[in-house]
Amino acid sequence: MAVSAAEELSDPLIWPKEGVARVPYRVFFDEDIYALEHEKIFRGPIWNFLCLEIDIPNHGDYKTTFIGEIPVIVTRDEDGAVYAMVNRCAHKGALVCLKEHGNDKMLTCIYHSWTYDMQGKLRGVAFRNGSRGKGGMPEDFNPEEHRLEPIRVEIFCGMVFGTFSEKTPPFETYLGPRMSGFVKRSMGRPVKHLGMHSQIMHHNWKLYAENLRDSYHATLLHTFYTTFKINRLDMDGGILMSDDGMHHISYAKRDTLKEDGEYAASGVHSAQYDSHLNAPEFMDMFPEIDDGITHAIQTIFPTLCVQLTLNSLAVRFFVPRGVDKTELFWFYLGGEDDTEEETQMRTMQSNLTGSAGFVSLEDGCINEFVQRGTTGSLDKESFLEMGGRDVANSEGSRATETAIRGFWKGYRELMGV
Amino acid sequence: MSAVESTESTKDVMSEVADPSLRALIEDFLVDYAHMIDDGRVEEWPDYFTPDGFYQITNRDNYQAGRPIGIMQCKTQGMMKDRVKAIFEANVFEPHVYCHLLGRSRLREEKPGRYHARTNFQVVRTMQNGGQDIIATGKYIDIIACDGNAPKLQDRRVVLDSRRIDILIVYPL
Ligand code: FES
Ligand SMILES: [Fe+2]
């Protein structure tokens, strides 16, 4: 990095000498750091999740979203291709698209009626030649110099990603082969929406990025499986990372010992045995992917997660809403040609996750407890040495903070801190 | 979803609940449900449903699009009991209470012993530190089975106006 963030900040951020095994709490509070993240990370050489391709299936469809807090429009033009641009009028900066989704031939800013095509090029300026021979734009006004700020787009496994930077490598290179292969495992098929909601969490966005990578807390904070003695889960698992540490996979395998006999014939797996559940059928699953993994969480830096928990397929996407607020979107998906019975199973399994999820509702408040706990201790730091001090894969154990350290390794490089 | 669609699409052909004592019985039942949650007697919650009762919290977008996944869904009383046990024994959260404010219920009779109700509601959540927020606004879309004097929910869809949940949802609405 040519200019380090430490130099750009009025109060320079000096990272602790222990490296990524420590995180200064200040990064969760500091407005200047938050602003710099928009420049170095969200506008930097990374791919940001924008939306699903199925959100904009037809010519003229558009959807609004965010990169960091920057408002974004994603469109599908007449040529069938997907485009993205900042939702900020080239005139005085008003939002151009107000609706979260729609279909149109042109995008018109309501303030002074400047009109853009679906690729974001300026096509019309109201009263450009004035009225009754007076007013109007200067002679040398050139519409080609005024367009909606473009965002480069790539589509991977039905997900649309965008980047501001010329330097961002192709998406599969950005992820690396192991990570992109695993995305294909869960998302490499036609999907449809089964339900969506979001949740506002009262903490900095990076605490949720950490939480997703925090496999150490899984059975400690979320005691649902142990309380109900659902003992076939979490038998065996591990953490895999991209070479740069930024993206990760956390997986758990089911115990396959009893699988064949009782359930193979029915084609439906009971996800647990001898549990203390009244209605264990809510966790019934159907065979979908033949690798024994029952729980998979995959993060894609900075703000995306793909989950396949039993058959519960969901894309989680989180958006910073200020330095101390984060909105987490849950997009639950099914296979396009799922049977009614399969849809039912995905639906019931969705009770595990989401803002009321048996094994995830605590995550709605736990990071807020960190935000509150660290208030007034901005010169202090966290201690992340579970599983070592380095950034390395951890096959066979999830009692590790290695993936969190991986996140901070990537963060520090991008931010220059 | 078929039961719910019929709630919406056939309400014009369903008749009013004319008998005032039956209306009072159902209205009291719906109020008792809200007080049960507000008073922290959530262990009684499954008893408000038939054994095959269906319960879901979802939002307007999902409901209108006919999407099956909301925020919480139980398709039997057994699943509701698991929810209750999880609240008391498994899930961890900051202590809080709800206060439900109900609007007047619109009641229709599908056939004797089976009634449809829509009730608007708001829920204020009070945290242990005194912080208060309106955390839910929407409508209950209910199918109520009532033979004799004991109404039970056959199907309750809690349809939130907002897709956005503040922090989390632990207790049913
Ligand atoms: S701000 Fe958009 S046309 Fe003026
Ligand atoms: Fe968690």
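Each chain gets a letter, A, B and so on, in the order its sequence line appears, and its residues count up from 1.
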Item to check | Over all atoms of both residues, closest heavy-atom pair of B:Gln73 and A:Met348 | outcome: O-SD, 4.0 Å
Checklist outcome for this item: Pair count under 4.5 Å, heavy atoms only, with chain A: among B:Val170, B:Leu168, B:Asn91, B:Ile87, highest is B:Asn91
Checklist outcome for this item: For A:Glu281 and B:Thr76 the tightest heavy-atom approach is OE2-OG1, 4.3 Å
Checklist entry - Looking at A:Gly364, A:Ala356, A:Ser350, A:Ser360, which has the largest count of heavy-atom pairs under 4.5 Å with chain B? => result A:Ala356
Next on the checklist: Just verifying a value: how many Å separate B:Met79 CE and A:Asn351 CG, rounded to the nearest 0.5 Å?
Outcome noted: 7.5 Å
Checklist outcome for this item: Given A:Lys192, A:Met196, A:Glu368, the one with more heavy-atom pairs under 4.5 angstrom with chain B than any other is A:Met196
Item to check | Taking every non-hydrogen atom, the tightest pair across B:Phe93 and A:Cys365 | outcome: CA-SG, 4.3 Å
Item to check | Crowding at OH, B:Tyr140 (>12 non-hydrogen neighbours, <6.0 Å) | outcome: yes
Checklist entry - Can you tell if the side chain of A:His276 reaches within under 4.5 Å of the side chain of B:Glu89, non-hydrogen atoms only? => result no
Checklist entry - If every non-hydrogen atom of B:Asp82 is compared with every non-hydrogen atom of A:Asn278, which pair is closest and at what distance? => result OD1-N, 2.6 Å
Next on the checklist: Does the structure place the NZ or CZ of B:Arg83 under 6.0 Å from the centre of the six-membered ring of A:Phe358, at an angle of no more than 45° from the ring's axis?
Outcome noted: yes
Checklist entry - Are side-chain heavy atoms of B:Arg67 and A:Tyr332 found at a separation under 4.5 Å? => result no
Checklist entry - So which of A:Asp363, A:Val359, A:Thr347, A:Thr353 has the biggest tally of heavy-atom pairs under 4.5 Å with chain B? => result A:Thr347
Next on the checklist: Out of the candidates B:Ile165, B:Ile167, B:Ile169, only one should pair with A:Gln199 under the side-chain contact (heavy atoms from CB on, under 4.5 Å) rule; please name it.
Outcome noted: B:Ile165
Checklist entry - Given the options B:Met80, B:Gln77, B:Met72, B:Lys81, which has more heavy-atom pairs under 4.5 Å with chain A than any of the others? => result B:Lys81
Checklist entry - To the nearest 0.5 Å, how far apart are CZ in B:Arg164 and CG in A:Leu328? => result 12.0 Å
Next on the checklist: Measuring from atom CD1 of B:Ile135 to atom CD1 of A:Ile200, what distance do you get when rounded to the nearest 0.5 angstrom?
Outcome noted: 14.0 Å
Item to check | Most contacts with chain B, counted as non-hydrogen pairs under 4.5 angstrom, among A:His222, A:Glu327, A:Met201 | outcome: A:Glu327
Checklist entry - In terms of heavy-atom contacts, does CD1 of B:Ile134 have more than 12 from other residues, nucleotides or ligands at under 6.0 Å? => result no
Next on the checklist: Could you report the tightest heavy-atom contact between B:Gly78 and A:Ala279, atom names first, then the distance?
Outcome noted: C-CB, 3.7 Å
Checklist entry - Is it true that the side chains of A:His193 and B:Asn62 contain a donor and an acceptor less than 3.5 Å apart? => result no
Next on the checklist: I'd like to know whether CD of B:Glu44 has more than 12 heavy-atom contacts from other residues, nucleotides or ligands below 6.0 angstrom.
Outcome noted: yes
Checklist entry - Just by modelled atom types, is the B:Ala90 backbone N or O under 3.5 Å from a matching donor or acceptor in the A:Thr223 side chain? => result yes
Next on the checklist: What part of A:Thr226 gets within 4.5 angstrom of chain B, counting heavy atoms only: side chain, backbone, both, or neither?
Outcome noted: neither
Checklist entry - What residue, out of B:Val92, B:Asn59, B:Leu160, has the most heavy-atom pairs lying under 4.5 Å from chain A? => result B:Val92
Checklist entry - Any side-chain heavy-atom pair from B:Asp166 and A:His202 closer than 4.5 angstrom? => result yes
Item to check | Flag if over 12 foreign heavy atoms under 6.0 Å of CG, B:Asn149 | outcome: no
Item to check | Side chain / backbone / both / neither for A:Gln349 at chain B, heavy atoms under 4.5 Å | outcome: neither
